[in-house]
Amino acid sequence: MAKKKDAVSPEEELKEQLFYNQKNGYDLIDAKELIKLEKYCEGYKSFLNESKTEREAVKNAIELAEKAGFVPYEPGMELVPGSKIYKNNRGKALMLAVIGKKSLAEGAVAAAAHVDAPRLDLKQLPLYEDGEMAYLKTHYYGGIKKYQWLCTPLELHGVASLKNGETVEIVIGKEKDDCKFVITDLLPHLAADQVKKPASEFVPGESLNILIGSVPYACEGKDRVKLAVMSILNERYGITEEDFLSAELEAVPAFDVCDVGLDRSLIGGYGHDDRVCAYAELKAILELKAPSRTAVCILADKEEIGSCGTSGMRSDAFECFMEDLCDSQGVKLRHCFEKSLCISADVTNAYDPNFPETCEKRNNAKINYGMGICKYTGSRGKSGSNDADAEIVGLVRRAFADNGVVWQMAELGKVDQGGGGTVALYMADRNISTIDAGVPVLSMHAPFELVSSFDCYMTYKGVLACYGI
Ligand code: MN
Ligand code: MN
């Protein structure tokens with residue numbers, strides 16, 4: 001509550017006038033907006049629950065987009081202001097656009113998030129038997145703390161491309177009464193040697209083997225448990241061991257999304273990084289009618305392993321899509337890029353009072369303080385960072401102020417603590433003015449990550465405001 005005017009000293013008034021004064025988001029929104037926030041987060045929670053892999057995220061995003069009137073883009077189709085189109089990139093990445101009233105010569109506004117998340121991928125010959133139990137070999141994907149994946153219930157999601165050309169979808173463990181899988185850990189009684197090792201070494205990558213069965217097939221000879229497991233898989237999916245060779249199977253945490261905290265202010269779940277920003281962008285673009293500038297929403301794959309590959313942000317798939325839009329207006333792609341703006345919508349770390357030594361509190365994002373803007377990311381002297389121009393930060397800041405977006409400055413840990421990157425530099429390499437922005441996360445890259453409902457909602461509002469620039 002504001003103090004009575006006569007109680008304010010001239011010095012306090014001057015402070016009020018001159019100092020940047022951050023406020024907790026809950027002190028800034030009213031009951032009406034709180035209802036919108038809750039509705040938004042309900043939508044997000046069900047999207048996240050149903051999107052455990054990049055493929056599922058793309059599939060669910062397309063479903064929402066089609067409901068909102070988006071159609072698949074076909075080369076040569078007529079595009080007018082308000083046209084809503086999407087391009088599905090191999091089922092693993094997605095680009096959507098709403099054609100604006102202004103020419104693409106004046107640039108587009110893009111928001112780019114990623115829908116892949118750290119996980120354990122099955123190797124191409126994963127199944128083996130040891131100690132009369134059957135296991136699946138894995139190779140982890142993205143930056144994980146390996147010990148967090150032990151004793152954590154897991155599900156398997158993915159596809160297998162069969163000899164006959166058919167692709168089978170494989171999902172095991174998602175349904176409530178379905179079986180789960182797990183990687184076991186050593187009992188503390190026998191862990192004296194294990195716990196002496198540094199955390200980076202005590203779980204070797206090759207020991208991340210998933211237990212998948214223990215009952216032998218009713219026969220004589222070797223590999224009876226493996227045979228029993230393989231015959232269940234064959235019965236359920238029609239696959240043989242050879243089909244693993246051309247499969248992409250991902251072991252992901254078997255957690256449902258849930259509210260965390262007595263006040264239910266936080267959302268716990270797997271894959272907030274970066275589906276929380278992907279959903280924010282998606283919801284924002286689905287709402288647009290005929291924006292001033294063409295709005296583009298990118299849900300990229302492979303960010304966690306360097307944005308490589310055809311479905312990653314470095315892929316020419318983006319040029320391919322944008323060039324067609326530019327060609328339809330007789331605009332050169334390079335001229336469009338030069339005038340465009342990109343919000344690289346990715347999560348940032350939230351200040352964690354349990355680990356205060358890793359952050360510089362003044363500049364780190366805080367839970368419930370809104371969308372986090374990272375002027376720069378990178379590590380060791382901003383290396384590998386798109387350090388956004390002051391003018392771009394200013395532009396975004398004004399759009400946020402005009403649209404009631406609660407936001408804060410963010411950085412990825414204190415100087416020389418570590419760091420990281422996003423797709424921002426690959427967008428900036430294309431001569432597109434780019435800025436990093438997203439939701440602050442606690443326990444990032446853990447099987448169970450946390451975000452605040454408030455920050456999720458503000459990130460959606462933030463992207464929506466940027467689409468209006
Ligand atoms: Mn990440
Ligand atoms: Mn990310």
Side-chain angles (χ1 to χ4, degrees), residues 43-66 68 70 86-97 110-121 140-144 155 157-159 169 171 174 248-253 255 257 267 269-286 296-315 317-318 321 342-348 420-424 426-427 436-439 441 444-445 447 449 451 456 459-460 463:
Y44 169 55
K45 285 185 265 186
S46 51
F47 176 81
L48 189 63
N49 247 345
E50 297 303 313
S51 308
K52 295 252 174 144
T53 65
E54 66 286 358
R55 288 175 191 267
E56 290 173 0
V58 165
K59 195 172 140 220
N60 294 327
I62 289 174
E63 205 180 297
L64 290 172
E66 285 186 344
F70 283 71
Y86 71 84
K87 171 78 185 167
N88 175 351
N89 181 4
R90 298 165 169 88
K92 299 172 82 169
L94 183 68
M95 291 169 284
L96 305 101
H114 64 94
V115 287
D116 61 320
R119 59 183 192 245
L120 305 176
D121 284 343
Y140 67 93
Y141 173 100
I144 61 165
E155 310 174 351
H157 291 234
V159 296
E169 207 186 337
V171 178
K174 185 170 176 284
E248 279 181 340
L249 292 167
E250 306 174 9
V252 296
F255 306 134
V257 177
I267 305 171
Y270 161 68
H272 285 311
D273 177 8
D274 185 32
R275 292 165 194 148
V276 69
C277 295
Y279 185 76
E281 286 181 11
L282 185 67
K283 282 300 275 183
I285 201 164
L286 298 192
V296 179
C297 168
I298 304 158
L299 308 186
D301 181 26
K302 302 269 198 285
E303 193 278 339
E304 296 294 358
I305 56 167
S307 295
C308 38
T310 47
S311 50
M313 202 60 249
R314 288 153 92 170
S315 159
F318 179 59
F321 181 63
C342 176
I343 310 301
S344 165
D346 204 344
V347 298
T348 184
T422 64
V423 301
Y426 308 117
M427 301 310 283
D436 273 296
V439 178
V441 176
M444 194 194 293
H445 281 206
E449 300 176 315
V451 292
C456 294
T459 298
Y460 145 76
V463 176

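Everything quoted here is computed from the prediction, not taken from an experiment.
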Surrounding [atom1] of [X] (heavy atoms of other residues, nucleotides or ligands, distance under 6.0 Å), is the total greater than 12?
X: K92; atom1: NZ; value: yes
X: K87; atom1: NZ; value: no
X: F255; atom1: CZ; value: yes

Return the [atom1] to [atom2] distance between [X] and [Y], rounded to the nearest 0.5 Å.
X: Y44; Y: K283; atom1: OH; atom2: NZ; value: 13.5 Å
X: I343; Y: T459; atom1: CD1; atom2: OG1; value: 11.5 Å
X: K302; Y: Y141; atom1: NZ; atom2: OH; value: 5.5 Å
X: L282; Y: Y460; atom1: CG; atom2: OH; value: 11.5 Å
X: D274; Y: T422; atom1: CG; atom2: OG1; value: 9.0 Å
X: S307; Y: D116; atom1: OG; atom2: CG; value: 7.5 Å

Would a 4.5 Å heavy-atom cut-off, applied to side chains only, mark [X] and [Y] as touching?
X: Y279; Y: L64; result: yes
X: M313; Y: H114; result: no
X: I62; Y: N88; result: yes

Hey, does the side chain of [X] reach the backbone of [Y] with a donor-acceptor pair shorter than 3.5 angstrom?
X: R275; Y: V115; value: yes
X: N89; Y: M95; value: no
X: S51; Y: L48; value: no
X: D273; Y: V347; value: no
X: N60; Y: E50; value: yes

Closest heavy-atom contact between [X] and [Y]?
X: A61; Y: F47; answer: N-CE1, 4.0 Å
X: G438; Y: T348; answer: O-CG2, 4.4 Å
X: G271; Y: A117; answer: CA-CB, 4.1 Å
X: C308; Y: R314; answer: N-CD, 4.3 Å
X: E303; Y: G421; answer: OE2-O, 3.2 Å
X: V439; Y: C456; answer: CG2-CA, 4.2 Å

Report task. Give a yes or no on whether a salt bridge exists between E248 and R55, defined as a side-chain N under 4.0 angstrom from a carboxylate O. Result -> yes
Query raised in the report: Does the distance from a Lys or Arg side-chain N to an Asp or Glu carboxylate O, for R119 and E54, drop under 4.0 Å?
Result: yes
Requested in this report: Verify whether one side chain among D301 and S311 offers a donor that lies under 3.5 Å from an acceptor in the other.
Outcome: yes
Query raised in the report: Would E449 and H272 count as having a side-chain donor-acceptor pair, cut-off 3.5 Å?
Result: no
Requested in this report: Quick one: do I144 and H445 satisfy side chain to side chain contact (heavy atoms under 4.5 Å, CB included)? Show the steps, please.
Outcome: CA-CA 6 Å; I144 61 165; H445 281 206; 5.6 Å; no
Query raised in the report: How would you list, by chain and number, every residue that makes a salt bridge (charged side-chain N to carboxylate O under 4.0 Å, His left out) with K52, sequence neighbours excluded?
Result: E155
Query - ring-ring contact (aromatic ring centres under 6.0 Å, His included) partners of F70, counting only residues at least two apart - result: none
